[in-house]
Amino acid sequence: MVFILFAFLLQCGKESNSESTASVEAEKRSMDMPMEKKVAASPSVSQEAKEPPSVENQLGQVFVPIQITAERLLEYQVQLSYQTQDLIKTRKDILGFITKYGYIESSSAVNTDSPYMSLRIHIRSEKLYEALIELDTYGVLLSEDISTVDHTEGMVWQKVKSNREKIRFTRRSNANNQTSANSKNWEAIEEAVTDSENNLDNAEHEIWKIKDKVKWATLSIQFSSPIPADKIQVPTYRNAFVGILNVFLELTYYLIWMIPFLLLAAILYFPLQKVYLYFKK
């Protein structure tokens, strides 16, 4: 009985020691897990810190120019020069381009060994950029010159003049209505009213011209073909023989005209010679 009791107590002690050891190891594991997480997380954090921000985040979206033509009254004047391989085809394409975007002012084309075409057209200003992009499909761009004329100040001044003339016209019309035909000032007031009407018409006309220039952009375009390489020119030898024959026929023609005069000179030669010898003796 004593031996069995001693063995039982010894077995209980081993189990208690194993449980305590397992609990200690579990506590150590629980303490090491946050450290492992921190250690594992630290390389990623440092890597993120080392990586530079992307260009997209720095610059944002692609820049698109904002047109401010609504605030300014701009007249566009464009001069372009293109080189094309087939001028005939380009001419047909450019005629369709003109009917699509505006109207033609003048045009000239020559189809020779060095063909070229020049034209001056007017297109709507709001379609200028679209038209320039389409023109690049008709040939290789050689030169470009785009300039603008700002009519904003002129438009403001013309509107001021127009409003001022309207006020003057109203005031002078009222004064004219209150003046009888027998008054001395009637003619002067009538003349002033006429001047106001003329000035108002001129101001309105200037406003219309400014709006028209701003509405239509002017394009001067030239199309040329590449300079051809030098060629061996073989002359037409047949022309040389034809020329010789023509000269011979011309000589015979004039000879026929001279035959009567030669015969007359031969007939008169001998009598004249005898007369000359007689007087010489």
Side-chain angles (χ1 to χ4, degrees), residues 75-124 128 131-132 134-149 202 205 209 212-213 216-281:
E75 175 190 358
Y76 288 93
Q77 297 177 355
V78 184
Q79 295 181 358
L80 301 170
S81 178
Y82 289 92
Q83 187 179 84
T84 178
Q85 299 294 333
D86 189 354
L87 186 64
I88 303 301
K89 181 179 181 302
T90 303
R91 179 178 175 273
K92 294 180 181 179
D93 294 338
I94 203 67
L95 291 177
F97 171 85
I98 294 172
T99 56
K100 179 180 178 181
Y101 290 100
Y103 64 95
I104 187 170
E105 179 180 337
S106 61
S107 175
S108 62
V110 177
N111 189 13
T112 57
D113 293 338
S114 299
Y116 70 90
M117 180 177 64
S118 62
L119 62 158
R120 184 180 177 89
I121 62 177
H122 298 273
I123 65 175
R124 296 185 181 275
L128 176 60
L132 291 177
E134 184 171 343
L135 280 174
D136 289 341
T137 61
Y138 298 148
V140 179
L141 180 63
L142 299 179
S143 63
E144 180 184 57
D145 184 11
I146 301 177
S147 60
T148 59
V149 179
N202 292 332
H205 184 230
K209 289 198 297 184
D212 184 70
K213 291 178 180 179
W216 298 95
T218 304
L219 274 71
S220 299
I221 311 174
Q222 291 184 352
F223 290 95
S224 61
S225 297
I227 300 175
D230 295 336
K231 299 180 180 179
I232 299 176
Q233 297 181 356
V234 179
T236 305
Y237 292 98
R238 178 183 176 184
N239 294 337
F241 294 105
V242 172
I244 293 173
L245 181 60
N246 290 333
V247 172
F248 177 75
L249 294 176
E250 288 286 338
L251 292 176
T252 56
Y253 175 78
Y254 289 112
L255 183 61
I256 293 172
W257 271 97
M258 294 175 65
I259 287 175
F261 298 98
L262 294 175
L263 292 175
L264 180 62
I267 293 172
L268 296 177
Y269 175 74
F270 294 102
L272 292 175
Q273 186 179 12
K274 292 180 179 181
V275 172
Y276 174 74
L277 293 175
Y278 175 79
F279 283 103
K280 186 178 182 181
K281 292 178 181 181

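With sequence neighbours left out, Y103 forms a ring-ring contact (aromatic ring centres under 6.0 Å, His included) with H122, W216. For R120, the side chain to side chain donor-acceptor pair (under 3.5 Å) criterion is met by E105, S220, not counting sequence neighbours. Residues passing the side-chain contact (heavy atoms from CB on, under 4.5 Å) test with L142, sequence neighbours excluded: S81, Q83, S224. Shown here are the side chain to side chain donor-acceptor pair (under 3.5 Å) partners of Q222, two or more places apart in sequence or in another chain: there are none. Evaluation of the side-chain contact (heavy atoms from CB on, under 4.5 Å) rule for V149 yields E75, Q77, H151 as partners, not counting sequence neighbours. Residues that satisfy the side chain to side chain donor-acceptor pair (under 3.5 Å) test with K92, not counting sequence neighbours, are absent from this structure. Evaluation of the side-chain contact (heavy atoms from CB on, under 4.5 Å) rule for I98 yields I104, L119, I121 as partners, not counting sequence neighbours. Residues meeting the side chain to side chain donor-acceptor pair (under 3.5 Å) test with S107, sequence neighbours left out: none.
Applying the salt bridge (charged side-chain N to carboxylate O under 4.0 Å, His left out) test to every pair with at least one member in residues 243-260, sequence neighbours left out, gives no pairs at all. Annotation: side-chain hydrogen bond (donor to acceptor under 3.5 Å, both in side chains) contacts involving residues 138-147, sequence neighbours excluded, comprise E134-Y138.
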Inset, instruction - Report the C-alpha distance between I146 and L128 in whole Å, list the side-chain angles of each, state the deciding distance to 0.1 Å, and finish with yes or no for side-chain contact (heavy atoms from CB on, under 4.5 Å). - result: CA-CA 11 Å; I146 301 177; L128 176 60; 5.5 Å; no
Inset, instruction - Give the C-alpha distance, both sets of side-chain angles, the deciding distance and a yes or no for side-chain contact (heavy atoms from CB on, under 4.5 Å) between I94 and M117. - result: CA-CA 11 Å; I94 203 67; M117 180 177 64; 3.9 Å; yes
Inset, instruction - Begin from the C-alpha positions of N111 and I88 and carry the test side-chain contact (heavy atoms from CB on, under 4.5 Å) through to its verdict. - result: CA-CA 8 Å; N111 189 13; I88 303 301; 3.8 Å; yes
Side-chain donor-acceptor pairs under 3.5 Å in residues 253-265, sequence neighbours left out?
unit_1: Y253; atom_1: OH; unit_2: W257; atom_2: NE1; d: 3.3

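Taken from CZ in F97 to OG1 in T137, the straight-line distance is 9.0 Å, to the nearest 0.5 Å. For the atom pair L135 CG and D93 CG, the distance stands at 11.0 Å (nearest 0.5 Å). Here OH of Y82 is found 14.5 Å from CG of L87. Values are rounded to the nearest 0.5 Å.
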